[in-house]
Each structure stands twice: as structure tokens, then as C-alpha cells.
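Report on the structure given below.
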Amino acid sequence: MPVNLLNSFRISIEDFYRSHKRTMPWRKHNPVPYEVWLSEVILQQTRVAQGIPYFNKILQAFPTIEDLANANEDHLLSLWTGLGYYNRARNLQKGAQQVMKNHNGELPKSSGDLIKIAGIGPYTAAAISSICHGEKIGVVDGNVFRVLSRFFGISTPVNTSGGLKEFQLLANEIVHLSNSSADYNQGIMEFGALHCTPKKPLCMMCELADICTAYNTGKVDVLPVKKKTVKRTTEEIHFAVVVDKAGLAMRKRDTEGIWAGLYEFPRLEKPPLNGLPAAEQIVHKLSHKDLRCHFWKVTENEINEPITYYTKHEIRKLGMPIIIAKYVEKIEF
DNA sequence: AAACCGGGGGG
DNA sequence: CCCCCAGGTTT
């Protein structure tokens, strides 16, 4: 990306941050690292409005890292109740114990050391080090994915290792141009949360609209791109293999849906009572589901639909799903 | 790379 | 109903 574009973006984000009311509980000139750590862990995959009461409650119960390290786990979990992702609480306490044991009770400053602590990943390490110590490292969370992908028109799926790397590098490049990692990083998250929202972003009043790629190419509603994690399903299919003197029974499929207008074997709703397996079951993989295909050697009586027979010669001229075509090639009739 | 982890809010 | 949220760990 051109440096002047990166800078225009960065300056607008910092201006946005400095001119907005701040919502985080520990927003002060010298944020306490423990408070930032606690709030960032609480807010993982959690809306700020939902997490704030928990932050206040837990900080009051455990005012220092030492208190947290020595806490009764059940006590901590009772305060966490309702937040979800309860391993966050256990990891948080494990981290506090690590800090007591290995760092004299004080959080390390660099993101490289922070990330070694339980429950602190790339995001939280970058957040603590940039906000508390000015390290020039970009935070990458859901807001950052959204804002960067829209503004720069990046369509790389964000939920892939390659996408994550690309966005992290871009975030780092921008934050290196800033004199205040804390303001820039918090600004882009605040901007994403309040302004460049997932749905109905406030483009009409956005000061970045003039140079926003998504806005100027009509892609606001398609960015960021996420690779679909299609939950694959399995469907059982029972094919009737009916062989007659006249040939092999085939039926033409409807003109809509999968394999529209192609020829296949008559279907059975379930494994036939009077039938022998005619072949091994074959799993036919589609993008969204596995078709587990069974072939049953049955007589005409098992089929409750008009049957048409085709000779091998005739069948070769019919359009068929590949799984049927392969089967036809294998058998003798 | 994909699964798993929770509860709440909004369209 | 689905998507998203100031993500991280485990397999």
C-alpha cells in the first residue's frame, strides 16, 4: 500500500479516537497493565457493554495480580458466571501465577514475552504492549479485520492463516507510521465498534468515505470476506439396481436441484427387505455434504414407479452423475 | 486447518 | 434464524 494512503488512514483513525468519548474502564494517561490485561481477557469474543460490569466486579475482588494468583478458583469462577468461555478465567489465573513465579509479580512489557503467558494470545499481547508501553505492533481483532478489509479493499478471507498474516503485517505497517501505538490501535477498534460496524455502517457521515475502497466500489456489504465453515452433513442414498432382459433400469431426474435432468438408478427410501448389496457403498463428496451411496440388487417389485430399461448401448448416450456412470461401466448386464 | 469454547444482542 | 462480539487453546 502507498505510504501516503496508509498515513491518511492512520491520521483519520487517530483523530477519530481523540475526538470521541472513550468507553474502556481503564482509559487513562498511564493505564495499569494488570487492568488492561484483565479487561482484554474479559472482552475476548464479548461485547464491551456486556463485559464492563464483570471487569469492575473482578478487579474489585482481586485488585492485584497477586490477589488473582492466590484466588480460590471457585470464587473466581463464581464472579465469571454468565460471561461464558470459562477456560478464560482458569487461564487468566494460571497466567497470574506465572507472572508471580517468573516475573516478580509484574507483567512483562514486550509482546514477545506477554504471549508466553497463559491466556494471552497475539491480540492481547499486542494490546497490552502497545497501549501500556507504546510498542509498535498492530492489534488484530474482529474490528480491525473489518475496517482494514473495507478501507483497503482486501478480500482475503480473514479466518485463514494466510489472511491473518496479511492483516497483521498491514496493521504493523500502519502502526509503525504512528507516534502513538496506543491511540492508533484503540482508535481502529473504537472506529470499528462505533462507526464501521458489521451491519449498517455509518458511511454517510464517515470522514474516510472519500478514500475508502469498499465504499467507492460498492463492496461495503461484502467485506470482510470469511471462508464459510460449511458444516458438512451426510445423506444416505439407496439406489436400486434392477437388471432385466431389456437392460438396466434408469430414471430421469427432475429438472431442478442436484443432477438436474440426468439419469440415475431408481431410488429406494431405505435398505430393501429383499435385496442384496450390489456393490460396496461409495461416499460421493460434494462441497456441503457427503452422499453415502448404497447399491442394492433388487427385483422390479421393490420399485414403486414406472420402470424404463435401457441397454448398455443406450445408456452410454445418457447423461449421468459420475458416480452412476462409473457403476454402469463396472457391471455386466 | 479445524474444532471447541458460551452467552448476549441485533437484524 | 443467523451472524457477530476488543480470541485463545487444543487436536
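Owing to the predicted nature of the structure, the values given are computational and were not obtained by experimental measurement. Every chain is numbered from 1, with letters handed out A, B, ... down the list of sequences.
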Measure all distances between protein nitrogen or oxygen atoms and nitrogen or oxygen atoms of nucleotides 9-11 of chain C, and list the pairs falling under 3.5 Å.
unit_1 : atom_1 : unit_2 : atom_2 : d
C:dT9  : OP1    : A:G119 : N      : 2.8

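- Atom CE in A:M189 sits about 13 Å away from atom C1' in C:dC5, given to the nearest Å.
- Counting any heavy atom pair closer than 4.0 Å across all strands shown, A:R146 reaches sugar-phosphate atoms only and no base atom.
- Here A:R88 does not reach the OP1 or OP2 of B:dG6: none of its side-chain N or O atoms lies under 4.0 Å away.
- In this structure, the CG atom of A:N143 is 10 Å from the C1' atom of C:dC4, given to the nearest Å.
- Each of A:N104, A:I65, A:L114, A:L68 was evaluated against A:V99; a single residue qualifies, A:I65, per the side-chain contact (heavy atoms from CB on, under 4.5 Å) test.
- The other members of the hydrophobic cluster of A:W296, by chain and number, are A:V242, A:L268, A:V298, A:I303, A:I307, A:Y309 (side-chain heavy atoms under 4.5 Å, ILVMFWY only).
- B:dA3 sits 24 Å from C:dA6 when the P atoms are compared, rounded to a whole Å.
- Within 6.0 Å of the NZ atom in A:K326, the count of heavy atoms belonging to other residues, nucleotides or ligands does not exceed 12.
- Heavy-atom neighbours of A:E35 CD from other residues, nucleotides or ligands within 6.0 Å: above the threshold of 12.
- Rounded to the nearest Å, the gap between the P atom of C:dT10 and that of B:dG6 is 14 Å.
- A distance-only check finds a donor-acceptor pair linking the side chain of A:R88 to the backbone of A:L83 [under 3.5 Å].
- Within 6.0 Å of NZ in A:K165 there are 12 or fewer heavy atoms belonging to other residues, nucleotides or ligands.
- One interatomic measurement links the two molecules: CD1 of A:I128 to C1' of C:dG8, which rounds to 13 Å at whole-angstrom precision.
- Under the ring-ring contact (aromatic ring centres under 6.0 Å, His included) criterion, no residue pair touches residues 91-113 of chain A, with sequence neighbours excluded.
- Rounding to whole angstrom units, CG of residue A:N185 and C1' of C:dG7 are separated by 16 Å.
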Structure string for DNA chain B in dot-bracket form, Watson-Crick and G-U at under 3.5 Å, | interchain: |||||.|||||
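- The neighbour count for A:E207 CD, taken as heavy atoms of other residues, nucleotides or ligands under 6.0 Å away, does not exceed 12.
- Distance, A:I52 CD1 to C:dC5 C1': 13 Å, rounded to whole Å.
- Comparing C:dG7, C:dC4, B:dA2 against the side chain of A:K227 picks out B:dA2 as the nearest.
- Counting any heavy atom pair closer than 4.0 Å across all strands shown, A:T124 reaches sugar-phosphate atoms only and no base atom.
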Atom pairs, N/O to N/O, protein against nucleotides 7-11 of chain B, distance under 3.5 Å?
unit_1 : atom_1 : unit_2 : atom_2 : d
B:dG8  : N2     : A:R47  : NE     : 3.3
B:dG8  : N2     : A:R47  : NH2    : 3.4

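- If you check every strand for non-hydrogen atoms under 4.0 Å, A:N87 touches nothing.
- Closest of all the heavy-atom pairs between A:S181 and A:G134 is OG-O, 3.3 Å.
- Residue pairs meeting the side chain to side chain donor-acceptor pair (under 3.5 Å) criterion with at least one member in residues 209-221 of chain A: none, sequence neighbours excluded.
- The distance from atom CG of A:N159 to atom C1' of C:dC3 is 13 Å, rounded to the nearest whole Å.
- Rounded to whole angstrom, the span from the CD atom of A:Q44 across to the C1' atom of B:dC4 amounts to 14 Å.
- Atom-to-atom, CD1 of A:I131 to P of C:dA6 comes out at 14 Å; the value is rounded to the nearest Å.
- Annotation for A:E269: atom CD does not count as buried by contact number, only 12 or fewer foreign heavy atoms lying within 6.0 Å.
- Using a cutoff of 4.0 Å between basic side-chain nitrogens and carboxylate oxygens, A:R316 and A:E329 are scored as salt-bridged.
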